[in-house]
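Scope of the values below: all heavy atoms of this structure, side chains included, with no hydrogens, waters or symmetry mates. Values in this document were obtained by computation on a predicted structure and should not be read as measured data.
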Amino acid sequence: MHPAPSVIIFTTLSGLGFGLLFFLGLGLPAVSGWVAFVFFAIAYGLSVGGLMASTFHLGHPERAMKAFTQWRSSWLSREGWCAVLALVLMGLYAIGTVFFGQRWGVFGILGALLSLATVFTTSMIYTQLRTIPRWNMKLTPVMFLSFSLAGGALLAGQTRVALPLLLIAALVQILYWRQGDRALAASGTDLGTATGLGARGRVRAFEPPHTGTNYLLREFVHVVGRKHAEKLRLISFVLAFFVPVVFLLLPFNHFVALLAVLSHLAGIATSRWLFFAQAEHVVGLYYGKR
Amino acid sequence: MTQLPQSTERKMGLVIDLDTCVGCHACVISCKGWNTENYGAPLSDQDAYGADPSGTFLNRVHSYEVQPAEGPAQLIHFPKSCLHCEDAPCVTVCPTGASYKRVEDGIVLVNESDCIGCGLCAWSCPYGARELDQAEGVMKKCTLCVDRIYNENLPEVDRIPSCVRTCPAGARHFGDLGDPHSDVSKLVAERGGMDLMPEMGTKPVNKYLPPRPKDKIEDQIDILAPLLAPVAEEPKGFLGWLDKTLEKL
């Protein structure tokens, strides 16, 4: 898949933002006044900023409101609802903590659950696609949720929770890569089933429909060199999990915490780039590109 | 509404004969022509006369080589457009309701004024049947020429999809695949019509007729060959002399 910056920015930032909102909603940390304001400003900056970025790749962003209509069938529509409800409830909760010094627990807990639901619905947009075997796995939502929770805990300064969550996310990441690398072969889809000619012999793409490129090739056929991908995996793993874990084990200080968060963010963004760039859409088979 | 209908009254679709298709791309051109000038936004081209041309097409013809375990390879031309699936994933993923499947004839269409151009329907299609038009920012796909097949302003002979009307080889057939007695259904039954990527669970309406097995060349190429055998084995006269002389050189 074409790794569009808008979707990478969106899923990375909003995943982190909604993760932070989850912990804030549970009262971890139980902040009020200016401190609460700063925490909520960061959380809203990330989640809303991410959502805004996601509209950049739309052909008609001015019609985005129509996307709320099909929640019965569409995960993208459900994501829109969850995001708006989570942001509204958490907004009410934030007003309580920032201006009245009070914790309106109902809003907080509902908002926290909806924040997680938003991350889950985002992941389901990708997971539901049978056309992309690497995404069509149970591990995809597990990965999105574990990243969001680990990043949220890190950003919320919940050192004790963040450490195990980071380790879990790291494990999920390794499992996702392992299973993902075998997903296309395991799906059973190849040029033989794509053309229905597989039983007759070995099928080879002889001539593409056009000498030039097209939308399908630009959008769905992005080939990353294997060596390149392995290096990026290592970089992403070290930045997203290893560095933050080491920093968390050091005595706490705000500068180190900031470095841990930035390192985690850079690592998750790299992992998300690979999530898109390495995903093989089966339409590439028709072009002999798999 | 992007929920799929439980069932459709008819299942209008195409039957494409891979045995007959000659790979001339006439269907590609006629499709582009008709659909640029009629229903919905035109199918735009980018840099059409420049170094890197590309454009929106609803129908594309691939060519594949099939190499059997024994015998010569076979070249198969392979037109591909929307298969108007019964379980169309492109319909259910749409967040706005722009993408829908018609109850009356099963045609999958896009309401372009509702399309936000998110591209998710194209992601969900295993066949590459949907392309986001780069000029218009909306999703384009085969309409089964919905503006031809019911169009009473056209002569009756033209009330079929443009690609079917154009095909000079007669490799494309149009009809109701939900009716077991229709010509297309009979053709599918007779020739063993097949689905593309059945494992995707999309239940395509369009069917492909597999190429017929090729004739086998045994010992004798032509039954007339014995009658055409040369009568004179050894050249005589002037030719005989020439033959001998040339061999001596």
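- With a threshold of 4.5 angstrom between heavy atoms, A:E79 does not approach chain B through any atom at all.
- Under the 4.5 Å side-chain criterion, counting only non-hydrogen atoms from C-beta, A:R63 is not in contact with B:D114.
- Although no hydrogens or angles enter the test, the distance criterion places a donor-acceptor pair under 3.5 Å between the side chain of A:H281 and the main chain of B:W123.
- At a 4.5 Å heavy-atom cutoff, the contact between A:L129 and chain B is made by side-chain atoms alone.
- Between B:V66 and A:R202, every side-chain heavy-atom pair lies at or beyond the 4.5 Å cut-off.
- At least one side-chain heavy atom of A:R218 sits less than 4.5 Å from a side-chain heavy atom of B:S54.
- Looking at B:P211, the atoms closer than 4.5 Å to chain A (heavy atoms on both sides) sit in the backbone and in the side chain alike.
- Only the side chain of B:M194 has a heavy atom closer than 4.5 Å to any heavy atom of chain A.
- When each of B:I116, B:L120, B:D195 is checked for heavy-atom pairs under 4.5 Å with chain A, B:I116 comes out on top.
- Of the options B:T56, B:D133, B:L132, a side chain to side chain contact (heavy atoms under 4.5 Å, CB included) to A:Y215 is made by B:L132 and by none of the others.
- Side-chain N or O atoms of A:S74 include one that pairs as donor or acceptor with a backbone N or O of B:V93 at under 3.5 Å.
- Of the two parts of B:P53, only the backbone, made up of N, CA, C and O, holds a non-hydrogen atom closer than 4.5 Å to a non-hydrogen atom of chain A.
- When side chains are defined from C-beta on, B:F78 counts as touching A:T195, because their heavy atoms get closer than 4.5 Å.
- Residues B:P95 and A:T69 are not in side-chain contact: their nearest non-hydrogen atoms beyond the backbone lie 4.5 Å or more apart.
- Residues B:M197 and A:Y286 have side chains in contact (heavy-atom distance under 4.5 Å, counting atoms from C-beta outward).
- With a threshold of 4.5 angstrom between heavy atoms, B:E136 approaches chain A through N, CA, C or O but not through any side-chain atom.
- Only the side chain of A:H210 comes within contact range of chain B, judged by heavy atoms closer than 4.5 Å.
- Contacts between B:H25 and chain A at a heavy-atom distance below 4.5 Å involve the side chain alone, from C-beta outward.
- Looking at B:T96 and A:Q70, their side chains never bring a donor and an acceptor atom within 3.5 Å of each other.
- Side-chain contact between A:L76 and B:C118: present, with at least one pair of heavy atoms (C-beta onward) separated by less than 4.5 Å.
- Counting heavy atoms from C-beta on, the side chains of A:N214 and B:R60 come closer than 4.5 Å.
- Judged by distance alone, with hydrogens and angles left aside, the side-chain atoms of A:R130 form no donor-acceptor pair with the main-chain N or O of B:C125 at under 3.5 Å.
- A donor and an acceptor atom, one from each side chain of A:S187 and B:E199, are nowhere located under 3.5 Å apart.
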